[in-house]
Amino acid sequence: MCGELRAADAGQPVVVMGWVNRRRDHGNLIFLDLRDRSGICQVVLDKELTPEGHARGEQVRPEYVVAAVGRVRLRAQDAINPKMDTGEVEIEATELRVLNDARLAPFSPADEAIQNEEVRLRYRYVDLRRAEMQRNFRLRHDLTQAIRESLSAQGFLEIETPILTKSTPEGARDFLVPSRVHPGEFYALPQSPQIFKQILMISGFDRYFQIARCFRDEDQRADRQLEFTQVDLEMSFPQREHVFAVVEQFLVAAFAAAGIALPTPFPRITYDDSLRQFGSDKPDLRLPGLTDVRAAFPDEALATLLVDPALPVVAFRIPAVGELSRKEREENHPLFDKQKGAKFIDDFKRLAKSFPESAAKVRELCGAAEADFVIIVAGDPAHHIKASDTKFPGRLSEREINVYAAAGNFRTELTKKYAERHGAFRATEQVVTNARGVGAGHTIDGAAAFHPIWIIDFPMFEFDVQSGKWVPAHHPFTAPYDADMANLVSDPASVRANCYDLAMNGLELGSGSIRIHRKDVQQVIFQSLGISDEEARKRFGFFLDALEYGTPPHGGIALGLDRIAMLLAGAPNMREVVAFPKTAKALDLMADAPTTVMEQQLRELHLRVMTKS
Ligand code: ASP
């Protein structure tokens with residue numbers, strides 16, 4: 001391969017094939033940088049040695065596909081290129097064959113950064129030739145294999161589940177596929193293999209996994225695509241601890257495949273604490289969290305500041321940002337989510353004028369250094385949003401959650417914006433970069449760079465003010481804690497779910513739960529969720545039936561493989577680790593999908609398209 005040639009190969013006859021990365025014409029000598037998956041090497045076409053090869057070399061252009069036959073030789077001392085892995089050698093060609101020509105693409109894979117992503121996606125085959133993309137997909141392959149091997153070694157069987165199936169309740173919109181054979185009936189693409197993997201447990205497979213494609217018709221984001229890949233697993237007779245151990249083991253293997261040592265066990269935090277401390281259920285632990293600063297304000301101060309005294313008053317600091325001008329602060333204001341019924345105070349000078357003690361106390365409670373930028377977030381009594389005031393003992397009210405979440409979102413946005421100043425993400429970038437250089441089988445310490453954390457003790461239900469009903473916080477197959485089971489009907493607010501999320505560096509990597517394995521309990525849950533017997537029968541009848549034929553206790557989890565790849569590639573968005581992704585507008589620019597179809601196809605599917613008038 002082109003990228004593998006070294007000084008020790010000097011004298012060896014070689015045939016290399018690949019794409020012309022660059023071409024330099026020095027008259028009697030033509031230099032081709034030839035690229036294949038492994039890297040680049042220099043081919044020299046000397047008119048005296050190979051007049052024919054040289055003549056062909058004059059014709060070739062970037063991205064032509066060629067084969068060069070020749071011998072490896074050491075470069076002259078002054079021609080050594082220390083920037084190239086193969087920089088000590090070159091190929092003295094005796095023959096050049098042009099295997100194919102190439103049209104000029106709008107950019108070259110030899111370019112480092114290409115600004116226009118649409119062009120990259122349209123010419124994805126050219127884009128994927130770039131070294132960075134080749135590296136990303138090599139990485140994705142390596143970590144996928146490591147996960148497969150780890151799970152297989154842990155006794156899991158890889159079993160495929162259908163793509164054409166029935167709706168699965170993950171809370172997103174389904175993609176539907178019309179049936180030609182059954183007019184007016186539809187398959188749904190799976191939002192996850194959830195029901196099937198549970199049935200596989202009923203089927204006695206004990207431990208199942210799948211690198212599974214899931215489809216959810218949702219708005220696209222940097223970390224979300226219409227179709228994405230889960231490392232999906234399920235096991236019989238587990239405690240939560242067993243699921244955690246399995247996941248930690250395969251993630252350690254995946255990170256090791258990327259050259260990074262991930263310490264275990266992962267820490268844990270309850271859902272409530274995660275909200276109180278970070279304003280999020282996917283906390284990024286690389287920066288300081290939220291601090292409760294209610295105690296810094298006497299009641300009169302809160303009244304003057306028009307702050308709701310019954311709701312949390314929290315503050316967070318972004319290290320080393322320095323003092324911001326009024327203009328700079330105002331530019332940040334759109335990053336605050338006003339829909340949450342919360343407000344913020346970011347003008348400390350002004351606060352200090354009216355309430356010097358409170359201002360000083362807030363900074364002290366946050367542990368803020370001189371250069372740290374501090375923001376207070378609190379409930380806004382004047383801003384009435386559709387949230388419930390209902391306070392159930394022992395749990396956070398919806399309004400409290402909203403204030404924490406507003407603070408948490410603002411913190412996330414500002415930490416992204418001021419990344420250069422606080423530098424807290426640099427350790428991650430550094431470790432990702434350094435890990436690329438470690439040889440196979442070696443790792444560098446990832447403890448300062450990657451911060452996995454289990455989120456546990458989620459509430460089982462959320463209260464929907466509009467309908468006055470309890471709705472599931474997760475999918476409806478999640479089991480409540482045994483101890484809370486007695487309160488299912490009498491006190492739904494107090495019921496906690498035996499489910500868990502895994503977060504890392506501010507990304508939700510996955511979620512799972514111990515499942516309900518008894519039909520009577522499943523029915524009570526459906527009832528408490530307002531799903532009628534009839535509806536339950538229609539949607540999940542087959543599953544309810546299966547539950548009656550000897551169902552073992554079981555539980556599992558699914559992790560987003562694309563997100564793991566994104567983290568390990570140091571990629572800013574998922575499209576960098578998905579070979580053929582869709583744009584934010586849900587388009588496949590290369591294949592030009594979606595498109596209209598022929599009238600005949602519609603007829604076969606018993607469909608008619610209504611165009612918007
Ligand atoms: N099916 C769930 C999801 O996609 C994961 C699980 O509960 O195992 O989030």
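For reference, positions follow the sequence shown, starting with 1. Atoms within a ligand are numbered from 1 in the order they appear, just like the ligands themselves. Keep in mind that what you see is a predicted model, and the values were worked out from it rather than measured.
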May I ask you to decide whether [X] forms a salt bridge with [Y], counting only side-chain N to carboxylate O separations under 4.0 Å?
X      : Y      : answer
Asp232 : Lys197 : yes
Glu508 : Arg563 : no
Arg496 : Asp484 : yes

Practice prompt. Classify the contact between Ser511 and ligand 1 as side chain, backbone, both or neither, using a heavy-atom distance cut-off of under 4.0 Å.
Written response: both

Need the ligand 1 atom indices (1-based, order shown) with element for anything under 4.0 Å from a heavy-atom of [X].
X      : result
Gln230 : 3 (C), 4 (O)
Ile557 : 8 (O)
Gln194 : 1 (N), 2 (C), 5 (C), 6 (C), 7 (O), 8 (O)
Arg216 : 3 (C), 4 (O)
Glu170 : 1 (N), 2 (C), 3 (C), 4 (O), 9 (O)
Arg515 : 6 (C), 7 (O), 8 (O)

Discussion item. Nearest 0.5 Å, please: how far is CG in Leu164 from CG in Leu176?
Written reply: 11.5 Å

Item to complete: Measure the spacing between CG of Leu251 and CG of Leu567 and express it to the nearest 0.5 Å.
Response: 10.0 Å

Fill in: Polar proximity ligand 1 side, Glu234 side, N/O cut 3.5 Å exclusive
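N/O-N/O distance below 3.5 Å does not exist for this pair.
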
Discussion item. Between ligand 1 and Ser513, is the shortest N or O to N or O distance under 3.5 Å?
Written reply: no

Is there a heavy atom of [X] sitting under 4.0 angstrom from any atom of ligand 1?
X      : result
His475 : yes
Lys197 : yes
Gln198 : no

Item to complete: Look at the rings of His475 and Phe477 and say which category their plane angle falls in: under 30° parallel, 30 to 60° tilted, over 60° perpendicular.
Response: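 Tilted: the ring planes of His475 and Phe477 meet at 30° to 60°.
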
Worksheet item: What pair of heavy atoms forms the shortest contact from Pro552 to Ser236, and how long is it?
Response: CG-OG, 3.8 Å

Taking only distance into account, with no hydrogens and no angle test, what donor-acceptor pairs under 3.5 Å do side-chain atoms of residues 450-462 form with protein atoms, sequence neighbours excluded?
from   : atom 1 : to     : atom 2 : distance (Å)
His451 : NE2    : Ala448 : O      : 3.3
Trp454 : NE1    : Glu248 : OE2    : 2.8
Asp457 : OD1    : Tyr481 : OH     : 2.5

